[in-house]
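Computed from a predicted model, the values in this text were never measured in an experiment. Chain identifiers are assigned alphabetically (A, B, ...) following the order of the sequence lines, protein sequences preceding nucleic acid strands; residue numbering begins at 1 within each chain.
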Amino acid sequence: MSDEVRIQEEDFSIEEEVRRLRASSKRIGAVVTFLGTARDFSEGKTIEAIEFEQYAGMALKALKQLRQATLERFDVVDVRIVHRVSTMKPGEQIVLIAVASEHRKEAFEACSWCIDTLKETVPLWKKEITPEGESWVVPHP
Amino acid sequence: MSDEVRIQEEDFSIEEEVRRLRASSKRIGAVVTFLGTARDFSEGKTIEAIEFEQYAGMALKALKQLRQATLERFDVVDVRIVHRVSTMKPGEQIVLIAVASEHRKEAFEACSWCIDTLKETVPLWKKEITPEGESWVVPHP
Amino acid sequence: MIRVLFFGMLATKTGTREAELELKKQGATVSDVLDEVRRRFDGFPDGPLLFAVNEEQADLSSPVKDGDEVAIMPPFSGG
Amino acid sequence: MIRVLFFGMLATKTGTREAELELKKQGATVSDVLDEVRRRFDGFPDGPLLFAVNEEQADLSSPVKDGDEVAIMPPFSGG
């Protein structure tokens with residue numbers, strides 16, 4: 001549960017993740033977090049729930065590579081990533097990326113790049129459950 | 001304590017602020033937070049503590065105007081801002097800006113703009129306490 | 001024997017999460033695996049596809065040998 | 001009577017957080033307040049200064065009248 005990178009069914013605590021992130025250094029002056037949450041409405045459809053499928057093994061590996069790439073590409077102190085894969089109702093937490101750095105600019109850039117790149121490189125697929133049935137989400141290019 | 005904008009001596013909880021922020025709508029798909037923390041080292045000096053002075057009255061007014069300006073300028077759902085003014089040791093939390101939006105791009109842009117603009121428009125002054133004495137921080141242009 | 005995995009809408013369309021297939025050809029690639037999959041599963045989607053060989057991202061020209069696990073994946077939609 | 005407030009390093013330099021002063025002139029501005037402050041506090045900093053009249057940001061040309069609260073402030077350093 002204290003791994004910097006996790007894929008899990010259960011919910012997570014932002015406070016707890018930020019606390020662990022900040023424990024790594026007192027040089028940290030900025031922490032930027034991105035939290036993705038399940039919406040009740042998407043492209044004209046009412047969403048009752050969403051569900052994620054993962055390519056287990058590869059997904060966690062890709063997430064670890066993503067953390068490493070973020071640390072190498074940006075001048076940041078530490079990065080934590082948690083992604084849930086259970087069935088989630090609107091309002092539930094899906095994904096958290098937390099980035100710590102000495103100065104804020106780097107933390108913003110790294111956090112934003114990290115979620116963009118997660119969407120492109122981590123084998124996870126979202127299914128939306130609506131009153132009319134289920135459908136797999138097709139990402140926009 | 002549930003005000004969207006506060007200046008206070010006591011510490012705050014990110015989890016609690018994000019929970020209140022998210023309670024405003026189920027359309028929220030993204031929450032970006034910026035947390036500023038006290039560092040133990042700044043421009044070659046060891047920092048023992050920092051202290052903030054505010055122009056009480058004007059500072060809170062400026063912070064409320066900042067929240068309003070952020071809501072008007074960006075396509076975001078809600079914004080919360082908390083800034084502490086007590087004496088803080090390295091590692092302590094200073095300021096939190098939390099922004100909720102439907103899509104992540106707007107939340108990142110609004111959060112980043114909000115902390116930049118806070119530094120320019122809110123009458124708060126930071127004093128650093130080092131082993132050699134106290135000094136007021138002169139912001140970089 | 002090659003183990004082929006399908007994810008997301010591809011598993012829905014094929015009606016299965018995995019298939020096994022034999023590649024006779026020497027120097028086979030992901031492209032050959034995809035051809036064989038298209039022969040076996042009528043109406044397999046044309047749309048953009050991603051591939052992995054043994055849990056590492058790959059492309060149509062990546063080599064595939066006996067015992068490999070080949071994943072055929074729709075565009076990712078995590079986050 | 002005008003109430004003048006000093007903050008941060010300006011309070012440290014003047015040794016006080018506030019002062020009261022009388023402006024005889026008609027149509028006085030923040031600039032006149034600053035001149036009077038410079039006369040009264042020797043070595044008052046030249047550096048970049050910010051101003052507020054009655055808790056609203058102002059500049060050197062902003063009007064000041066009897067009973068106003070004028071803040072003279074160093075650059076902000078919150079966050």
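- Using a 4.5 Å cut-off between heavy atoms, B:Trp136 contacts chain D through its side chain alone, with no backbone atom that close.
- Ion pairing between D:Arg3 and D:Glu18 holds under the 4.0 Å rule for side-chain N and carboxylate O.
- Residue B:Ala56 touches chain D through its backbone alone, counting heavy-atom pairs closer than 4.5 Å.
- Proximity to chain D (any heavy atom under 4.5 Å) is restricted, for B:Lys61, to the side chain, taken from C-beta onward.
- Residue B:Tyr55 touches chain D through both its backbone and its side chain, counting heavy-atom pairs closer than 4.5 Å.
- For B:Gln65, the part lying under 4.5 angstrom from a heavy atom of chain D is the side chain only.
- Not a single donor-acceptor pair under 3.5 Å links the side chain of D:Thr29 to the backbone N or O of D:Ser61.
- Residues B:Arg80 and B:Glu16 are not paired through a salt bridge, judged by the lack of any N-O separation under 4.0 Å between the basic side chain and the carboxylate.
- Chosen from B:Val122, B:Ile115, B:Val95, B:Leu118, the residue pairing most often with chain D at heavy-atom distances under 4.5 Å is B:Val122.
- Note that the CD atom of D:Glu69 and the CG atom of D:Leu5 stand 4.5 Å from one another [nearest 0.5 Å].
- Using a cut-off of 4.0 Å between Lys/Arg side-chain N and Asp/Glu carboxylate O, D:Asp42 and D:Lys13 are scored as not salt-bridged.
- Paired with D:Asp32 under the rule salt bridge (Lys or Arg N to Asp or Glu O under 4.0 Å), one option of D:Lys24, D:Arg38, D:Lys25, D:Arg39 passes, and it is D:Lys25.
- Contact count versus chain D (heavy atoms, under 4.5 Å) is highest, among B:Pro123, B:Gly57, B:Gly36, for B:Pro123.
- Ranked by heavy-atom pairs under 4.5 Å with chain D, the first of B:Val85, B:Ile94, B:Thr121 is B:Thr121.
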